[in-house]
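First the structure, in the form of structure tokens, and then the observations on it.
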Amino acid sequence: MSKEHKKKNVFIQGAISPAFIGDSIAKHSTKTEIGAHSIFLGQVRNDILDGKEVAAIEYTAYTEMADEVFHAIREETFAKYPLTCMHMYHSIGVVAAGEISLFVFTSSRHRADALEACTYIVNRIKAEAPVWGKELFTDGSHTWKANT
Amino acid sequence: MSKEHKKKNVFIQGAISPAFIGDSIAKHSTKTEIGAHSIFLGQVRNDILDGKEVAAIEYTAYTEMADEVFHAIREETFAKYPLTCMHMYHSIGVVAAGEISLFVFTSSRHRADALEACTYIVNRIKAEAPVWGKELFTDGSHTWKANT
Amino acid sequence: MTITVLMFGRIAELTGAQRQTLHDIPDTNRLQQHVTQMYPDMANLTYSIAVNTVMIRENTALTDGDTIALMPPFSGG
Amino acid sequence: MTITVLMFGRIAELTGAQRQTLHDIPDTNRLQQHVTQMYPDMANLTYSIAVNTVMIRENTALTDGDTIALMPPFSGG
């Protein structure tokens, strides 16, 4: 591995705010070698399951293992794609329907690298990050989310 | 075509601000059927060409034709992918290095649709939108941008 | 008959005009000949042509009131 | 020897615990048997196992101080 990227904190308590995302974008204006940014946002849906409506998702994680998984994803993505920057944030705790719980942000000189890397990262997070979503219904009951 | 989507104004005078992007994201919190957003941003690079540094790009467009092209891309993307929303913005006029000149935003229930549609739209805009970038160098001279 | 010719990017720079009104030009091939005669450097440029905002790929007859755009390769985004 | 067992999601709910300390369990197969004996509904759950944060795919010997995580299918993002 030619570069070493420090372990960063991925988990954010509660929802990820649109203003935080706007600020993250703004911070890249000094990196004038960037030509393309790709951003993925996961938003909590108010799914109806057996007639009950999802009001929020409560996320828990095995944070010790998750930190290692996110670090591996980061290193392997930088090895695979020529990126200038990459950022990943995942909510922990309760996130209401309509709020954002996942934020993946890749930047590169040319568009294909940022676009492909972003999809690659999102798919790996969904498959490998030890995180669990508990869907909280409006009636106070709950179920455990299953990723598709 | 099952849905009709009204022609929207795509062109924005000057750079697209990160705060505008944050606000656009925030507006989607009421659309609780959305599970995934994909965003592409084009940022002006300070490329060095024959020893001269790009300070800004000045965009001009054949707006009458561009409106039709953007409308066709919008309709064809909605026909091809099950999206909840899609937005496209392109700068016109001068955008400095480090600033954003293209903003494509797709939203869907499941991640694959938003991700694939966003890439599809960006590639179509680059290939089909009658827009020209004049790269303005720091020394006052210029060249005409070529898309890769 | 009268047509309006729109020029963009490098072509507008080369011709010094963004818009010209021309008369009695029956088709797009004749328009290209006319433009190249006026501005010989046009022969070295790659460009596409739209008639009334629709891209054309072969010689197209022109009628009164048509708007023809001479467009260098796009470089938006 | 002593091991720490971490439980997440549906499994933590089923067992009523997020963490348990167990003694003299030589390998992960024996751990699964023990857990299923204590909580018979575990037999109906799909889950994977990590030993010291590393996912395992077959029976793995355990040593003093190991941390074993019982993890239902991930559903982050």
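Chain naming here is simple, since letters A, B, ... match the order of the sequence lines and numbering starts at 1 in each.
Looking only at distances, no side-chain donor or acceptor of B:S141 sits under 3.5 Å from a matching main-chain atom of B:F137. The backbone N or O of C:G9 lies less than 3.5 Å from no partner atom in the side chain of B:W144, so there is not a single donor-acceptor pair. C:S75 places a side-chain N or O within 3.5 Å of a backbone atom of B:G133 that can act as its donor or acceptor partner.
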| side-chain contact (heavy atoms from CB on, under 4.5 Å) between C:M1 and C:D24: does it pass, once the steps are laid out? | CA-CA 5 Å; C:M1 52 81 92; C:D24 302 322; 4.2 Å; yes
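If you measure heavy-atom distances from B:E58 to chain C, you find no contacts under 4.5 Å at all. Neither the backbone nor the side chain of B:A66 comes within contact range of chain C; no heavy atoms are under 4.5 Å apart.
B:Y120 is linked by a ring pair (Phe, Tyr, Trp, His ring centres under 6.0 Å) to B:Y81, counting only residues two or more places apart in sequence or in another chain.
Note on B:K134, B:Q43, B:H142: by heavy-atom pairs under 4.5 Å with chain C, the leading option is B:H142. Ranked by heavy-atom pairs shorter than 4.5 Å toward chain C, the options B:S101, B:G42, B:P130 are led by B:P130.
Within residues 26-41 of chain B, no residue has any heavy atom under 4.5 Å from a heavy atom of chain C. At a heavy-atom separation below 4.5 angstrom, chain C is approached by no residue within residues 13-21 of chain B. By a heavy-atom distance cut of under 4.5 Å, C:A50, C:T53, C:M55, C:T67, C:A69, C:M71 are the residues of residues 34-71 of chain C near chain B, going up by number.
Here the CZ atom belonging to B:R124 is positioned 12.5 Å from the CZ atom belonging to B:R74, to the nearest 0.5 angstrom. Annotation: the span from C:F8 atom CZ to B:W132 atom CH2 amounts to 5.0 Å, rounded to 0.5 Å. Taking CE of B:M88 as the reference point, atom CZ of B:F11 lies at 10.0 Å (rounded to 0.5 Å). Taken to the nearest 0.5 Å, the OH atom of B:Y59 stands 13.0 Å off from the CD1 atom of B:I12. Here B:D47 contributes atom CG and B:D50 contributes atom CG; the two are 11.5 Å apart, rounded to the nearest 0.5 Å.
Other residues, nucleotides and ligands contribute at most 12 non-hydrogen atoms within 6.0 Å of the CD atom of C:Q18.
Side-chain atoms of B:F105 and B:Y89, non-hydrogen and from C-beta on, never get closer than 4.5 Å to each other. Annotation: side chain of B:E99 is not in contact with side chain of B:V44 (no heavy-atom distance under 4.5 Å). Between C:T4 and C:R19, the closest side-chain pair of non-hydrogen atoms falls below 4.5 Å. With a 4.5 Å cut-off on side-chain heavy atoms, C:N29 and C:Q32 count as touching.
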